[in-house]
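Below, each value reflects all heavy atoms present in this structure, side chains not excepted, and no hydrogens, waters or symmetry copies. It should be emphasised that the depicted structure is a prediction, and the values quoted were computed from it without experimental measurement. Naming: A, B, ... by sequence-line order, numbering from 1 per chain.
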Number of protein chains: 2
Amino acid sequence: MAMEADPVLIRPKPEQGAQGVGRVIAYVKEAMLAGRLQPGDRLLPERDLAATLGVSRPVLREALRGLAQLGLVETRQGSGSVIRRPSPEMLRDVFTFTLAADRGAVEDVMEARIAIECQAIRLACTRAGPAELARVRAALDGILATVEDAEAGGRADAAFHAALVAASGSQTLMAMHDTLSELLLVSHVARRRETLGTKRIRDSLAEAHRDVFAALMAREPDRADATLRAHFRIGDELRRERLAEVPRTTAG
Amino acid sequence: MAMEADPVLIRPKPEQGAQGVGRVIAYVKEAMLAGRLQPGDRLLPERDLAATLGVSRPVLREALRGLAQLGLVETRQGSGSVIRRPSPEMLRDVFTFTLAADRGAVEDVMEARIAIECQAIRLACTRAGPAELARVRAALDGILATVEDAEAGGRADAAFHAALVAASGSQTLMAMHDTLSELLLVSHVARRRETLGTKRIRDSLAEAHRDVFAALMAREPDRADATLRAHFRIGDELRRERLAEVPRTTAG
DNA sequence: CGGCAAGATTGGTCAGACCATGGCCATGGA
DNA sequence: TCCATGGCCATGGTCTGACCAATCTTGCCG
């Protein structure tokens with residue numbers, strides 16, 4: 001009686017001990033871990049693989065879709081399915097939905113962004129090669145060319161910061177930065193509109209970006225971190241100053 | 001400005017093809033991000049939802065499987081599909097593949113963790129009240145009480161760092177730290193075992209944690225940041241030293 | 001030899017049928 | 001009246017076979 005105890009209460013992980021879709025997912029995962037399947041390897045065509053594994057094609061497709069969402073497989077119509085080296089793409093999704101469910105105030109999102117960028121510029125000081133530096137340089141030029149234009153300036157600003165993070169060579173930091181940038185997208189444009197006002201303010205911002213780039217070129221992590229923090233602080237101060245002294249005259 | 005919560009719209013990455021399966025995945029993701037679907041909400045039965053979305057049931061199932069693999073949906077036979085908030089635990093599996101492909105992935109995630117914690121301790125210096133500080137203190141005591149025990153010490157260490165991040169009062173930083181900590185669990189215990197060896201090393205680590213706490217109590221953000229960074233650096237150096245000089249004697 | 005078109009291969013989707021599991025309700029027994 | 005069990009219905013899991021769409025390969029022509 002009690003010996004036939006609660007099999008219902010045993011909750012294996014979805015792929016473990018399962019049939020059908022779960023079995024196929026487990027088979028592919030295990031083959032990858034065992035080295036029998038390597039990134040770049042092509043799987044049998046769906047019809048053949050389904051027959052080989054003894055499942056129907058919709059079941060196989062379902063399994064492949066699951067693996068594809070995890071970035072372990074890439075499937076192309078007319079071409080086939082290829083094993084992939086996992087990329088941080090899905091990390092971006094996970095952060096996005098985690099933060100969407102648990103998002104803090106915008107300031108907190110901004111703090112997280114500051115954290116990521118400051119760590120990124122530290123790494124960039126030691127890791128960035130000439131190509132990465134040239135990209136940051138180009139992004140800086142984009143900022144200087146668009147200081148008068150809130151919309152284009154906002155995009156140039158975002159591109160500059162993204163180039164900074166990319167120069168770190170850290171895929172984790174890039175994935176996180178992508179998520180945070182999207183979260184901040186709307187407020188970012190508004191922030192910029194509120195900041196741009198006088199020529200003095202615009203020059204200050206341009207100067208701050210030049211300082212950040214110079215710090216990166218100097219290759220000193222602590223200085224670069226401090227300079228980037230100062231840049232964010234300046235932006236805050238200028239915005240406060242602007243709001244305190246200059247009544248809003250443009251509907252923006 | 002940012003005084004009120006921003007109604008930020010996030011555009012999820014367009015799903016591959018954006019027809020059929022991709023469209024369904026995008027639909028669910030968008031609905032979650034827009035708040036129309038919340039964790040705990042039950043989706044229509046498969047047959048009904050497929051009809052509603054104008055796709056066949058295998059297509060819908062494929063989409064649900066993809067979402068399930070990302071932890072966004074949980075599907076139970078006989079019961080239905082429920083929206084879930086992504087749990088970082090599902091990342092562990094995938095991170096195993098990432099590690100198999102790239103041993104350096106741990107260091108990458110570690111950099112992100114350092115970024116989050118250093119920003120958190122900065123915020124904690126200005127935001128933490130007596131209750132938060134007491135919690136960090138209690139977590140420090142937990143570390144000091146478990147320096148001889150790799151397993152319990154690992155948990156106490158994690159609890160200390162989580163308490164630091166919690167003391168920042170930033171929901172965003174906490175959510176990100178949770179996710180990163182889950183990733184690092186894959187290798188965390190092994191790292192700690194490699195580090196603990198001699199009494200000298202254990203004392204160094206205990207001292208470093210005390211320093212971090214003292215810096216937090218001093219309420220100086222720059223000093224706290226630098227002290228925490230030094231703590232991470234010390235951990236790295238001790239680990240390298242340990243691996244270089246002391247042959248592994250425990251099978252652990 | 002190179003380019004283009006046609007055919008073959010392979011993935012994407014659909015419809016309909018059947019099997020398996022979970023939940024709820026009703027009935028019977030204590 | 002309460003609890004346990006069984007039956008039924010709802011819902012997910014899988015299969016078969018057909019057709020559509022995209023990619024690749026081969027052959028032919030200039």
Protein-nucleotide distance (A:Leu44, atom CG; C:dG11, atom C1'), rounded to Å: 14 Å

Note: B:Arg36-B:Glu30 ion pair, threshold 4.0 Å (strictly below): no

Atom-pair distance (CD on B:Glu46; P on C:dG22), nearest Å: 15 Å

Residues that A:His177 engages under ring-ring contact (aromatic ring centres under 6.0 Å, His included), provided they are two or more places apart: none

Within-4.5 Å side-chain heavy-atom neighbours: A:Gln69 and B:Leu67: no

Residue pairs involving residues 116-126 of chain A (criterion salt bridge (Lys or Arg N to Asp or Glu O under 4.0 Å); sequence neighbours excluded): A:Arg113-A:Glu117, A:Arg122-A:Asp222, A:Arg122-A:Asp225

A:Leu70 side, atom CG; A:Asp93 side, atom CG - distance, nearest 0.5 Å: 10.5 Å

B:Val21, nearest nucleotide to its side chain (from C:dT13, D:dC24, D:dG12): C:dT13

Inter- and intrachain pairs under salt bridge (Lys or Arg N to Asp or Glu O under 4.0 Å), touching residues 162-174 of chain A, at least two apart: none

Residues in salt bridge (Lys or Arg N to Asp or Glu O under 4.0 Å) contact with A:Arg85, at least two apart in sequence or another chain: none

No-hydrogen, no-angle side-chain donor-acceptor test under 3.5 Å, A:Glu111 and B:Gln119: yes

Any residue of residues 55-63 of chain B with a heavy atom less than 4.0 Å from an atom of DNA chain C: B:Val55, B:Ser56, B:Arg57, B:Val59

Report all interatomic pairs (protein N or O, nucleotide N or O of nucleotides 19-21 of chain C) with separations under 3.5 Å.
from   : atom 1 : to      : atom 2 : distance (Å)
C:dA20 : N3     : B:Gln77 : NE2    : 2.9
C:dT21 : O4'    : B:Gln77 : NE2    : 2.9

